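This report concerns only the one structure given below.
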Amino acid sequence: MTAAENRSAARAAQLLHFQLNGEAVAVAAPPHWTLLEVLRYQLNLTGTKQGCDKGDCGACTVRLDGAPVLSCMTLAALVQGRAVETVEGLGVGGEPHPLQRAFAELGAAQCGFCTPGMLMSAAAYLDDLATREAPAVDTGEISAVLGGNLCRCTGYTKIVQAVAVAAGEVIERTQLLAEMSNDDGGMP
Amino acid sequence: MLRLPELEVIIATSLTEALTRLAAGPAARPILGGTDLVANLKTGHTKAQTLVAIGQLPELQGVDASGDVVRIGAAVHQAELARDPDILELFPALAYAVGRIASPQIRNAGTLGGNLCLDTRCRFINQSDLWREALGGCLKSHGKECHVIPGGGGCVAALSADSVPILMVLGAEAEIARVQDGALVTRRTPIADLYDSDGRRHVRIADGELLVAVHVPKLPHGARAVYRKWAVRQSIDFPLVSVAVRLDLDDAGKLKQGKVAIGVLGPRPRLLALDRWAGRTLDEDLAKQVAQYVFDRSHPLPNVLYDHEYRRERLRVEVLRALRTWYAPAAVGGAGR
Ligand code: SF4
Ligand code: FES
Ligand code: FES
């Protein structure tokens, strides 16, 4: 092979295997593609939004091994073997996620462009709350958690409120589950 | 839509392999979280043909606080470091500084090593190709003149890394690896000596070398450090003023030694010693003298956004506020720890 052929072989599409919303996917992409481009243009998952494309806005937020990251800044080649979650995987069995319900009820989405990213940042926060010993709803903490997601429409108040409502539901559910596991419910 | 240029990605499986690939020259660049590099490649002012992914290398992982010196792997994520129990206990100001970098998503991907190697920033270079082209470029791109200091000899773009000033006052060292005659060798360099005054190549790490870890000596009894950052927004923002202060006090509360490190000036942060005040007790009067001393020796440039004279005044205020955490913590305003 000549040097040029060598180079073009190294830049050719490569097969990536990763978990996407709980299912194994295999997709071919050139090494200079970002995870965002693979999601939107190879897998047709357009829920994840392409905003600034350079790390400023958070519209492209997905979860990588559970942690919210910016898919526009993530090389697709580096998600090999890892777990990716997008907004398409939030609801279960056609039912909206508690966050999605709260966003709809409170009018926390206007144009909706920031919403998928907001939801993914908030979903990681709710999962974290469920693991805490004494979880509490703290709107200051919610603002910090959403600090990497810009919204040009809402002024954030309704978004923070919606996340607080969903967080309250999660806490209540976690406490009920804990109480039930302490209590045998009178069963023999 | 901002696309990356075509390039090759190599996932290094050993430190030796990574170093060998990187020795090919500036066309090969190491990548960890990529939160700075990917943006700079997309906007075209950083060029690379090969990215060598080093995030999996064992030498770059973990926080080890078992000895007198804490070793932090270069690939430790900023978010992890900000909540690490050892770091929170031993160096709360470092945990605070890395916990204020950019945004939660960027801290989940970005690493300590990446922050130390952050490219310099300037309002004339961190722009789109089209924007830069309209000015004919500058010394850091393809142009012939610096727009910050017209007629000046070099690039004075600012180092905006939140972790650097605090690591400087903590006396931290960088562990840098290379391959020499087929063998892996490492060298240590104080973070205070890691930076050069040329904003085009400000990190003193050669092609074929790699930052693998940072070593932070545990603080002696009576010593404490504080980091303060001023930025316009609470999140997704580089510091416009950043300052770290460390004081070592004796049991009577008198100053034994002190250090101030100042970021966001030019490419190289400035480190000042406060030894001239050894033996003195810190009070408002002394704190004002120290703040004035720092002000006199620091000259923020019109290289980042916001008026540089305001930033200089603000620096004096932030030094004063940092010092007040020792003798009047309840009176301290603004953000910092
Ligand atoms: S300091 Fe001067 S040379 Fe450097 S990036 Fe800014 S304008 Fe360009
Ligand atoms: S599109 Fe990724 S941060 Fe804006
Ligand atoms: S709802 Fe329009 S950007 Fe947030």
Side-chain angles (χ1 to χ4, degrees), chain A residues 6-12 14 16 29-37 40-41 50-82 117 120-122 124-125 128 140-141 143-150, chain B residues 1-12 21 27-28 31-45 48-56 75 77-80 82-83 99-110 114 126-128 231 233-238 335:
Chain A
N6 241 326
R7 201 159 42 237
S8 73
R11 291 174 175 188
Q14 287 156 7
L16 296 171
H32 68 287
W33 277 42
T34 62
L35 175 58
L36 177 64
E37 289 162 343
R40 290 182 59 91
Y41 306 118
Q50 189 162 21
C52 65
D53 231 347
K54 61 187 183 68
D56 293 339
C57 74
C60 65
T61 303
V62 299
R63 293 175 74 180
L64 183 59
D65 294 335
V69 298
L70 303 173
S71 60
C72 74
M73 307 288 279
T74 307
L75 289 175
L78 301 186
V79 303
Q80 185 78 263
R82 302 178 70 181
M120 298 317 284
S121 289
Y125 165 67
D128 182 55
E141 188 181 16
S143 301
V145 160
L146 301 177
N149 295 82
L150 297 185
Chain B
M1 224 163 105
L2 273 171
R3 307 294 310 268
L4 277 169
E6 280 195 26
L7 42 75
E8 179 186 5
V9 176
I10 291 161
I11 299 176
R21 298 281 194 171
I31 182 165
L32 283 166
T35 55
D36 187 45
L37 181 61
V38 169
N40 294 343
L41 288 165
K42 282 185 171 187
T43 54
H45 70 269
Q49 284 172 9
T50 304
L51 298 181
V52 182
I54 54 173
Q56 300 307 313
H77 291 127
Q78 293 149 11
E80 270 171 75
R83 60 171 179 256
R100 290 255 4 235
I101 293 170
S103 67
Q105 296 96 314
I106 287 178
R107 294 192 293 274
N108 283 335
N126 295 96
Q127 303 286 356
S128 66
R233 300 180 296 184
Q234 294 288 313
S235 190
I236 335 183
D237 231 354
F238 287 101

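Owing to the predicted nature of the structure, the values given are computational and were not obtained by experimental measurement. In what follows, chains carry the letters A, B, and so on, assigned in the order in which the sequence lines appear, proteins first and then strands, with residues in each chain numbered from 1.
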Q.
Heavy-atom count check: over 12 atoms from other residues, nucleotides or ligands less than 6.0 Å from A:R40 CZ?
A. yes

Q | Main-chain N/O of A:D53 paired with B:K42 side-chain donor or acceptor, under 3.5 Å | A | yes

Q.
At a 4.5 Å cut-off on heavy atoms, which part of A:T74 comes close to chain B: side chain, backbone, both, or neither?
A. neither

(Q) Counting only non-hydrogen atoms closer than 4.5 Å, does A:T34 touch chain B with its backbone (N, CA, C, O), its side chain (CB onward), both, or neither? (A) side chain

Q: Pick one of side chain, backbone, both or neither for A:D56, based on which atoms fall under 4.5 Å of a heavy atom in chain B.
A: backbone

Q: Return the option, out of B:N108, B:L7, B:L4, with the maximum number of heavy-atom pairs under 4.5 Å with chain A.
A: B:L7

Q) Got a second to check how far A:Q14's CD is from B:E8's CD, nearest 0.5 Å? A) 8.5 Å

**Q.** Set of side-chain contact (heavy atoms from CB on, under 4.5 Å) partners for A:Y125, sequence neighbours left out
**A.** A:L129, A:R132, A:E141, A:I142, A:V145, A:V163, A:A167

Q: Would you give the length of the straight line joining atom CD of B:Q105 to atom CG of A:L64, rounded to the nearest 0.5 angstrom?
A: 12.5 Å

Q: With rounding to the nearest 0.5 Å, note down the distance linking CD in A:E37 to CZ in B:R3.
A: 4.0 Å

Q.
How close do A:A144 and B:P104 get, counting heavy atoms only, and between which atoms?
A. O-CG, 3.5 Å

Q: Measure A:A124 against the heavy atoms of chain B and call it side chain, backbone, both or neither at under 4.5 Å.
A: neither

Q: Please look at A:L75 and chain B and tell me whether the side chain, the backbone, both or neither of the residue comes under 4.5 angstrom of a heavy atom of that chain.
A: side chain

Q: Measure across B:A53 and A:L78 and return the closest heavy-atom pair with its distance rounded to 0.1 Å.
A: CB-CD2, 3.5 Å

Q: Counting only heavy atoms closer than 4.5 Å, note whether A:Q80 contacts chain B via side chain, backbone, both or neither.
A: neither

Q | Side chain, backbone, both or neither of A:P68 within contact of chain B (heavy atoms, under 4.5 Å) | A | both

Q: Search all heavy atoms of B:T35 against all heavy atoms of A:M73 and return the closest pair with its distance.
A: O-CE, 2.8 Å

Q) Under a 4.5 Å heavy-atom cut-off, does chain A meet the side chain of B:L51, its backbone, both or neither? A) side chain

Q: Please round to the nearest 0.5 Å and tell me the distance separating atom OG1 of B:T50 and atom CZ of A:R11.
A: 7.0 Å

(Q) Need one label for B:I11: side chain, backbone, both or neither, based on atoms under 4.5 Å from any heavy atom in chain A. (A) side chain

Q) Considering only heavy atoms, which portion of B:L41 lies under 4.5 Å from any heavy atom of chain A: side chain, backbone, both, or neither? A) neither

Q: With a 4.5 angstrom heavy-atom cut-off, could you sort out which part of A:C52 is near chain B: side chain, backbone, both or neither?
A: backbone

(Q) To check you understand the geometry: which heavy-atom pair defines the closest contact between A:G147 and B:I236, and what is its length? (A) O-CG1, 3.2 Å

Q) Could you give the distance from OG (B:S103) to CG (A:N149), rounded to the nearest 0.5 Å? A) 8.0 Å

